[in-house]
Amino acid sequence: MLSFRHIGGYMDNSCKMPRHIAIILDGNGRWAEQRGLPRFKGHSKGSETVREIVDHCDKIGIEYITLYAFSTENWKRPKEEVDEIMRLLRKYLDELSKYADKNAKITVLGETEGLPSDIRGKIMEATENTRNNTGIKVNIALNYGGRQEITNAAKRIAALVKRGELEPEDITENLFEKFLYTKDMPSPDIILRPGREKRISNFLLWQGAYSELIFEDILWPDYTKEDLDRAIDDFKHRNRRYGGVK
């Protein structure tokens, strides 16, 4: 368990506390299948877990949380499952007004043009209503793919070079990052994957270059705030060298 110091009645969790946690929401379908339920029932239970974990992150002082909710590859799943994910997404986006009241800021990462028009409208409403909030930043990766993100950034930079607005020698890592969905955000300190798989599945490929990877055997619908606390405790005991020696 996490061991926070308490000062004046408040938790002092600033020592090596991650600023940004990114989570691959994995295991919803398998959770349902283990219980003899349709796969979409797992996504419904998983959406409840999302709310609990986001609320917990807000309470313990995490600044950014990025949730990998729907990838560009997820369109290959059975239509019934995709339709149910979209239905839950509509419901979840409607509920994001609660986060506006909590001073959370909502951002959606991905190719939103590929989503149904009503969902795009809900995304615009959620992001606009929370634009000026200064609390926890909740990033939802929808129709997202890391390779696609990098390719799109390269195309936009190439177009500037072609128009003479940018010289090739001006292209740096810092400049490239400004063309990613996550511009002006810190890279994730932790990329967490429940669900028993041990891969990052095209998620935050650029941003996760030095993220600490934590893989869990727990399926996402069963994930709890205590599990997250243990993951943070694991992170706090790691020595992050960024290629150096210390």
Side-chain angles (χ1 to χ4, degrees), residues 1-5 11-31 34 42-43 45-71 73-74 104 107 109-110 136-142 144-147 149-150 180-182 185-246:
M1 295 295 292
L2 280 171
S3 55
F4 295 116
R5 289 185 296 125
M11 287 194 302
D12 176 16
N13 55 8
S14 59
C15 179
K16 287 189 68 177
M17 194 70 173
R19 294 183 64 197
H20 185 175
I21 297 176
I23 306 177
I24 300 171
L25 310 179
D26 192 26
N28 293 326
R30 279 169 287 152
W31 181 90
Q34 287 177 2
H43 295 292
K45 181 66 168 64
S47 68
E48 297 174 12
T49 303
V50 166
R51 287 189 288 272
E52 294 171 2
I53 294 301
V54 170
D55 286 346
H56 185 59
C57 283
D58 188 24
K59 289 176 182 176
I60 64 175
I62 303 300
E63 297 178 45
Y64 295 82
I65 181 169
T66 299
L67 306 166
Y68 199 10
F70 192 82
S71 75
E73 292 80 15
N74 285 157
T107 302
L109 315 178
I136 187 172
K137 280 65 174 179
V138 181
N139 303 319
I140 306 172
L142 294 174
Y144 174 89
R147 288 181 175 180
E149 178 182 23
I150 293 170
L180 299 174
Y181 300 132
T182 53
M185 300 181 194
S187 294
D189 299 292
I190 297 171
I191 294 180
L192 170 67
R193 182 169 190 160
R196 302 173 185 163
E197 304 293 351
K198 293 179 172 60
R199 54 180 176 268
I200 57 174
S201 296
N202 202 18
F203 183 47
L204 300 179
L205 298 181
W206 175 283
Q207 300 89 336
Y210 283 101
S211 300
E212 296 296 320
L213 305 180
I214 298 178
F215 300 105
E216 303 268 22
D217 288 338
I218 309 160
L219 301 177
W220 175 247
D222 288 329
Y223 206 79
T224 68
K225 60 184 181 181
E226 289 79 18
D227 295 319
L228 182 66
D229 286 347
R230 281 191 290 271
I232 293 173
D233 196 40
D234 181 348
F235 166 82
K236 292 175 74 173
H237 287 88
R238 296 190 184 188
N239 183 11
R240 306 183 77 196
R241 296 185 296 274
Y242 299 97
V245 178
K246 59 179 180 178

Task: Evaluation steps, side chain to side chain contact (heavy atoms under 4.5 Å, CB included), between Ile21 and Ile53 - done: CA-CA 11 Å; Ile21 297 176; Ile53 294 301; over 6 Å; no
Open item on the list: Exactly one of Ile191, Ile200, Asp189 should register a side-chain contact (heavy atoms from CB on, under 4.5 Å) with Ser211. Which one does?
Closed with: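 For Ser211, the side-chain contact (heavy atoms from CB on, under 4.5 Å) check succeeds only for Ile191.
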Nearest 0.5 Å, what's the [atom1]-[atom2] distance between [X] and [Y]?
{"X": "Leu219", "Y": "Lys45", "atom1": "CG", "atom2": "NZ", "value": "11.0 Å"}
{"X": "Leu228", "Y": "Ile62", "atom1": "CG", "atom2": "CD1", "value": "7.0 Å"}
{"X": "Ser201", "Y": "Glu73", "atom1": "OG", "atom2": "CD", "value": "8.0 Å"}
{"X": "Ser47", "Y": "Leu25", "atom1": "OG", "atom2": "CG", "value": "10.5 Å"}
{"X": "Asn139", "Y": "Ile23", "atom1": "CG", "atom2": "CD1", "value": "11.5 Å"}
{"X": "Phe203", "Y": "Glu149", "atom1": "CZ", "atom2": "CD", "value": "10.0 Å"}

Heavy-atom pair of closest approach, residues [X] and [Y]:
{"X": "Ile140", "Y": "Ala69", "answer": "CG2-CB, 4.1 Å"}
{"X": "Arg30", "Y": "Asp26", "answer": "NH2-OD2, 3.0 Å"}
{"X": "Trp31", "Y": "Gly42", "answer": "CE3-CA, 3.7 Å"}
{"X": "Ile190", "Y": "Ala231", "answer": "CD1-O, 4.4 Å"}
{"X": "Tyr68", "Y": "Asn202", "answer": "OH-O, 3.7 Å"}
{"X": "Val138", "Y": "Leu67", "answer": "CG1-CD1, 4.5 Å"}

Task: For Ile218, side chain to side chain contact (heavy atoms under 4.5 Å, CB included) partners two or more places apart - done: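 Side chain to side chain contact (heavy atoms under 4.5 Å, CB included) check on Ile218 returns Glu216, Asp222, Tyr223, Asp227.
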Task: Any pair counted as salt bridge (charged side-chain N to carboxylate O under 4.0 Å, His left out), so long as it reaches residues 198-207, sequence neighbours left out - done: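 As it turns out, the salt bridge (charged side-chain N to carboxylate O under 4.0 Å, His left out) pairs with a partner in residues 198-207, which skip direct neighbours, are Glu197-Arg199.
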- [ ] Taking side-chain hydrogen bond (donor to acceptor under 3.5 Å, both in side chains) as the test, write out the residues that go with Thr182, two or more places apart.
- [x]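 Once residues adjacent in sequence are excluded, the partners of Thr182 under the side-chain hydrogen bond (donor to acceptor under 3.5 Å, both in side chains) criterion are Gln207.
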Task: Partner residues of Asn28 under the side-chain hydrogen bond (donor to acceptor under 3.5 Å, both in side chains) criterion, sequence neighbours left out - done: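 Per chain and number, Asn28 pairs via side-chain hydrogen bond (donor to acceptor under 3.5 Å, both in side chains) with His43.
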Task: 4.5 Å side-chain heavy-atom contact, Leu142 and Phe70 - done: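 Result yes, sub-4.5 Å side-chain heavy-atom pair found.
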Task: Beyond-backbone contact of Trp220 with Ile24, side-chain heavy atoms, under 4.5 angstrom - done: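 Trp220 does not reach Ile24 side chain to side chain.
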Task: Results of salt bridge (charged side-chain N to carboxylate O under 4.0 Å, His left out) for Arg196 - residues two or more places apart only - done: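 With neighbours one apart ignored, the set is empty.
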Open item on the list: Checking Arg147 now: which residues fulfil salt bridge (charged side-chain N to carboxylate O under 4.0 Å, His left out) with it, not counting sequence neighbours?
Closed with: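 Testing Arg147 for salt bridge (charged side-chain N to carboxylate O under 4.0 Å, His left out), a comparison that skips the adjacent residues, returns none.
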Open item on the list: Using only atom types and a distance under 3.5 Å, with no angle test, would you say the side chain of Lys16 pairs donor to acceptor with the backbone of Lys236?
Closed with: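 A pair under 3.5 Å: yes.
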Task: Residues which pass ring-ring contact (aromatic ring centres under 6.0 Å, His included) with Tyr64, listed by chain and number, not counting sequence neighbours - done: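 Scan of Tyr64 (ring-ring contact (aromatic ring centres under 6.0 Å, His included), adjacent residues dropped) gives His20.
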Open item on the list: Using the ring-ring contact (aromatic ring centres under 6.0 Å, His included) criterion, which residues pair with Phe235? Sequence neighbours excluded.
Closed with: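 If we apply the ring-ring contact (aromatic ring centres under 6.0 Å, His included) test to Phe235, skipping adjacent residues, there are no hits.
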Open item on the list: Check Asp234 with Arg238, please: is the shortest side-chain N to carboxylate O separation under 4.0 Å?
Closed with: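 Between Asp234 and Arg238 there is a salt bridge, with a charged N closer than 4.0 Å to a carboxylate O.
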- [ ] Before giving the answer on side chain to side chain contact (heavy atoms under 4.5 Å, CB included), spell out for Met185 and Thr66 the whole-Å C-alpha distance, their side-chain angles and the decisive distance to 0.1 Å.
- [x] CA-CA 11 Å; Met185 300 181 194; Thr66 299; 5.5 Å; no
Task: Lys225 NZ: over 12 foreign heavy atoms closer than 6.0 Å - done: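 It does not: Lys225 NZ has 12 such atoms or fewer within range.
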